[in-house]
Amino acid sequence: MASRYWVVSLPVQQNSSSTTSLWSRLQESISRHSFDTPLYRFNIPNLRVGTLDSLLALSDDLVKSNTFIEGVCSKTRRQIEELERVSGVLSTSLTVDGVPVDSYLTRFAWDEAKYPTMSPLKEIVDGIHSQVAKIEDDLKVRVSEYNNVRSQLNAINRKQTGSLAVRDLSNLVKPEDVVNSEHLTTLLAVVSKYSQKDWLSSYETLTTYVVPRSSKLLYEDNEYALYTVTLFNRDADNFKIKARERGFQIRDFEHNSETQESRKQELEKLMQDQETFRSSLLQWCYTSYGEVFSSWMHFCAVRIFAESILRYGLPPSFLSVVLAPSTKSEKKVRSILESLCDSSNSNFWKAEDEGGMAGFGGDTEAHPYVSFTINLV
């Protein structure tokens with residue numbers, strides 16, 4: 001599958017019999033001079049032309065709208081790639097109505113039921129823009145809901161797996177590790193691994209009422225060690241102050257089996273919610289990508305039709321095609337396309353530095369024929 005395509009329209013010259021003849025000449029030239037370039041007809045129906053003023057007004061919006069629609073398409077595709085990566089799902093070929101996106105482009109057929117050809121071009125373009133804008137809004141809401149659950153889960157996981165300075169201690173401390181009586185209490189000290197000797201040599205003398213040899217190592221990570229220390233209740237606040245002054249962190253902790261069970265249930269629910277949101281969002285993105293891509297291709301059909309009328313005049317007489325040249329073949333293919341245009345017209349469009357029309361149409365590429373690029377990735 002190619003990732004970059006050109007959508008091109010060539011004028012049918014007055015001395016040429018028909019678009020069929022021009023198509024045959026193009027096929028012959030490509031096969032002879034750039035045989036590795038896939039070439040397809042881009043079938044556009046007879047759309048409603050309207051007035052020249054309406055076409056000119058529409059052309060001003062076409063480039064902006066194309067940038068917007070292409071952006072939503074890319075955003076949805078990137079979201080799919082991220083969800084597949086996080087889910088461990090093998091990347092699937094994106095489809096439009098069950099057809100791979102590249103095939104949908106190269107075999108494009110106008111959907112008359114969705115976009116009646118007798119509708120004004122501006123009405124079709126506005127309809128496409130509104131539909132894509134709604135999908136973008138829905139995407140933002142759904143991604144926000146999913147990310148909210150992920151953030152909550154990540155916060156809990158940080159507490160479960162982070163350093164001892166921040167993590168939840170309930171799964172590290174057993175009931176028998178702590179003493180809580182009328183006169184005695186056990187505090188939990190987080191000590192830098194480099195300060196363990198200092199802790200062990202000083203904790204008994206930080207305040208007056210510390211139980212000798214009461215400190216016990218419960219857990220170590222890469223940065224810190226978790227120690228207990230038992231002392232008289234009335235001395236607890238003073239001990240916390242003295243410990244802080246020496247660089248030891250005293251963590252507040254209360255062993256509660258009901259709280260632990262509640263946290264466990266909360267974690268399980270969030271994990272289920274995350275999986276549900278992820279699966280739902282991924283399926284929605286698959287469907288929505290197809291809708292946006294289909295809308296984009298219909299938009300491109302309107303765009304090439306409108307720009308061809310403005311470029312070549314009335315009545316509509318042009319051949320629209322899709323090509324996928326390799327990088328090394330681009331120059332040759334451009335030369336072939338240019339050779340099928342009127343030579344004087346070609347010089348006029350190439351004369352960018354001499355006041356020619358090379359910059360017409362915003363990002364439409366400057367050639368004697370209408371051309372713009374579609375990037376699928």
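Each residue takes its place number in the sequence, starting with 1.
The OG atom of Ser371 sits 8.5 Å away from the CG atom of Leu323 when rounded to the nearest 0.5 Å. To the nearest 0.5 angstrom, Thr228 atom OG1 is 8.0 Å from Leu226 atom CG. Arg25 contributes atom CZ, which lies 12.5 Å from atom CD1 of Ile336 (distance to the nearest 0.5 angstrom). Once rounded to the nearest 0.5 Å, the distance linking CG of Asp126 with NE2 of His129 reads 8.5 Å. Atom CG of Leu39 and atom OG1 of Thr106 lie 11.0 Å apart (nearest 0.5 Å).
Linking Ile, Leu, Val, Met, Phe, Trp and Tyr whenever their side-chain heavy atoms come within less than 4.5 Å puts Phe318 and Leu56 in one cluster. In the hydrophobic cluster analysis, where Ile, Leu, Val, Met, Phe, Trp and Tyr join through side-chain heavy atoms closer than 4.5 angstrom, Leu218 is grouped apart from Val211. Put simply, Trp284 and Val141 are part of two different groups of oily side chains (I, L, V, M, F, W, Y) that touch within less than 4.5 Å, one to the next. With hydrophobic clusters built from ILVMFWY side chains whose heavy atoms lie under 4.5 angstrom apart, Leu172 shares a cluster with Phe253. Cluster membership check: Tyr286 shares its hydrophobic cluster with Val86, using side-chain heavy-atom separations under 4.5 Å among Ile, Leu, Val, Met, Phe, Trp and Tyr.
In this view, Glu291 satisfies the salt bridge (charged side-chain N to carboxylate O under 4.0 Å, His left out) rule with no residue, not counting sequence neighbours. Residues meeting the salt bridge (charged side-chain N to carboxylate O under 4.0 Å, His left out) test with Lys331, sequence neighbours left out: none. In this structure Phe232 satisfies the ring-ring contact (aromatic ring centres under 6.0 Å, His included) test together with Tyr209, sequence neighbours excluded. Annotation: salt bridge (charged side-chain N to carboxylate O under 4.0 Å, His left out) contacts of Arg78 (sequence neighbours excluded): none. The salt bridge (charged side-chain N to carboxylate O under 4.0 Å, His left out) search around Glu123 returns none, not counting sequence neighbours.
Leu337 places none of its side-chain heavy atoms less than 4.5 Å from the side chain of His367. Side chains of Gln274 and Gln152 form no contact here, defined as non-hydrogen atoms less than 4.5 Å apart. Contact of the Thr185 side chain with the Val178 side chain is not registered, since no non-hydrogen atoms from C-beta on lie closer than 4.5 Å. A heavy-atom distance below 4.5 Å is found between the side chains of Phe305 and Leu121. For the pair Arg4 and Trp6, the minimum side-chain heavy-atom distance is below 4.5 Å. Ser320 places none of its side-chain heavy atoms less than 4.5 Å from the side chain of Val7. When side chains are defined from C-beta on, Tyr219 does not count as touching Leu169, because their heavy atoms never get closer than 4.5 Å.
More than 12 heavy atoms of other residues, nucleotides or ligands sit less than 6.0 Å from atom CD of Glu176.
Taking both residues in full, the closest heavy atoms of Trp110 and Thr117 are given as NE1-CG2, 3.6 Å, listed atom of the first, atom of the second, then distance. When all heavy atoms of Gly290 and Val96 are compared, the closest pair comes out as O-CG1, 3.4 Å. In plain terms, the two heavy atoms of Ile124 and Pro116 that are nearest each other are CD1-O, 3.8 Å. Summarising the geometry of Tyr115 relative to Ser295, their closest heavy-atom pair is OH-OG, 3.4 Å, with the distance given to 0.1 Å. Minimum heavy-atom separation, Lys193 to Asn222: CD-O, 3.5 Å. Across all non-hydrogen atoms, the minimal contact from Ala225 to Gln196 is CB-NE2, 3.5 Å.
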Worked check of side-chain contact (heavy atoms from CB on, under 4.5 Å) between Arg41 and Leu319: CA-CA 8 Å; Arg41 287 286 292 266; Leu319 169 71; 3.3 Å; yes
Pair Val72-Leu139, side-chain contact (heavy atoms from CB on, under 4.5 Å): steps then yes or no: CA-CA 9 Å; Val72 176; Leu139 176 63; 5.6 Å; no
Residues Leu10, Cys341; criterion side-chain contact (heavy atoms from CB on, under 4.5 Å); working and verdict: CA-CA 7 Å; Leu10 296 170; Cys341 296; 4.0 Å; yes
Leu376 and Ile374: CA distance, side-chain angles, deciding distance, side-chain contact (heavy atoms from CB on, under 4.5 Å) verdict: CA-CA 6 Å; Leu376 297 190; Ile374 291 178; 3.8 Å; yes
Full working for side chain to side chain donor-acceptor pair (under 3.5 Å) between Asp111 and Ser294: CA-CA 9 Å; Asp111 188 342; Ser294 173; 5.9 Å; no
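Within the hydrophobic cluster formed by Ile, Leu, Val, Met, Phe, Trp and Tyr side chains joined at under 4.5 Å, directly or through other members, Phe239 is accompanied by Leu187, Val191, Trp199, Leu200, Tyr203, Leu206, Val210, Leu217, Tyr227, Val229, Leu231, Phe248, Ile250.
Remark: Arg167 is not positioned above the aromatic ring of Tyr224, lacking an NZ or CZ atom under 6.0 angstrom from the ring centre and at most 45 degrees off the axis.
Residue pairs meeting the salt bridge (Lys or Arg N to Asp or Glu O under 4.0 Å) criterion with at least one member in residues 50-61: none, sequence neighbours excluded. For residues 135-144, every residue pair satisfying the salt bridge (Lys or Arg N to Asp or Glu O under 4.0 Å) rule, not counting sequence neighbours, is listed here: Lys75-Glu136, Lys134-Asp138. Residue pairs that meet the ring-ring contact (aromatic ring centres under 6.0 Å, His included) test with at least one member in residues 29-65, sequence neighbours left out, are Phe42-Phe108. Contacts classified as side-chain hydrogen bond (donor to acceptor under 3.5 Å, both in side chains) and involving residues 240-252 (residues at least two apart or in different chains) are given here: Asp198-Arg246.
In this structure, the side chain of Ser87 does not engage the main chain of Glu84 through any donor-acceptor pair within 3.5 Å. Judged purely by atom type and a 3.5 angstrom limit, Ser31 uses its side chain to pair as donor or acceptor with the backbone of Gln27. At least one donor-acceptor pair under 3.5 Å links the side chain of Thr205 to the backbone N or O of Ser202. Ser279 contributes no side-chain N or O that, together with a main-chain N or O of Glu275, makes up a donor-acceptor pair within less than 3.5 Å. Side-chain atoms of Thr37 never come within 3.5 Å of backbone atoms of Pro325 as a donor-acceptor pair (strictly under, hydrogens ignored).
Salt bridge annotation for Glu338-Arg334: absent, with no cationic side-chain nitrogen under 4.0 angstrom from a carboxylate oxygen. In summary, Arg85 and Glu81 do not engage in a salt bridge, as defined by a charged side-chain N under 4.0 Å from a carboxylate O.
Side-chain contact annotation: Asn238 with Thr207, donor-acceptor N/O pair under 3.5 Å absent. For Arg311 and Ser9, the side-chain atoms include no donor-acceptor pair closer than 3.5 Å.
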Compile the donor-acceptor pairs under 3.5 Å between side chains in residues 43-52 and protein atoms, sequence neighbours left out, one pair per line.
| residue | atom | partner | partner atom | Å |
| --- | --- | --- | --- | --- |
| Arg48 | NH1 | Met118 | O | 3.1 |
| Thr51 | OG1 | Ser54 | N | 3.1 |
| Thr51 | OG1 | Ser54 | OG | 3.2 |

Under 3.5 Å, which donor-acceptor pairs link side chains of residues 143-150 to any protein atom two or more places apart or in another chain?
| residue | atom | partner | partner atom | Å |
| --- | --- | --- | --- | --- |
| Tyr146 | OH | Arg278 | NE | 3.2 |
| Asn147 | ND2 | Val143 | O | 3.3 |
| Arg150 | NH1 | Glu82 | OE2 | 3.3 |

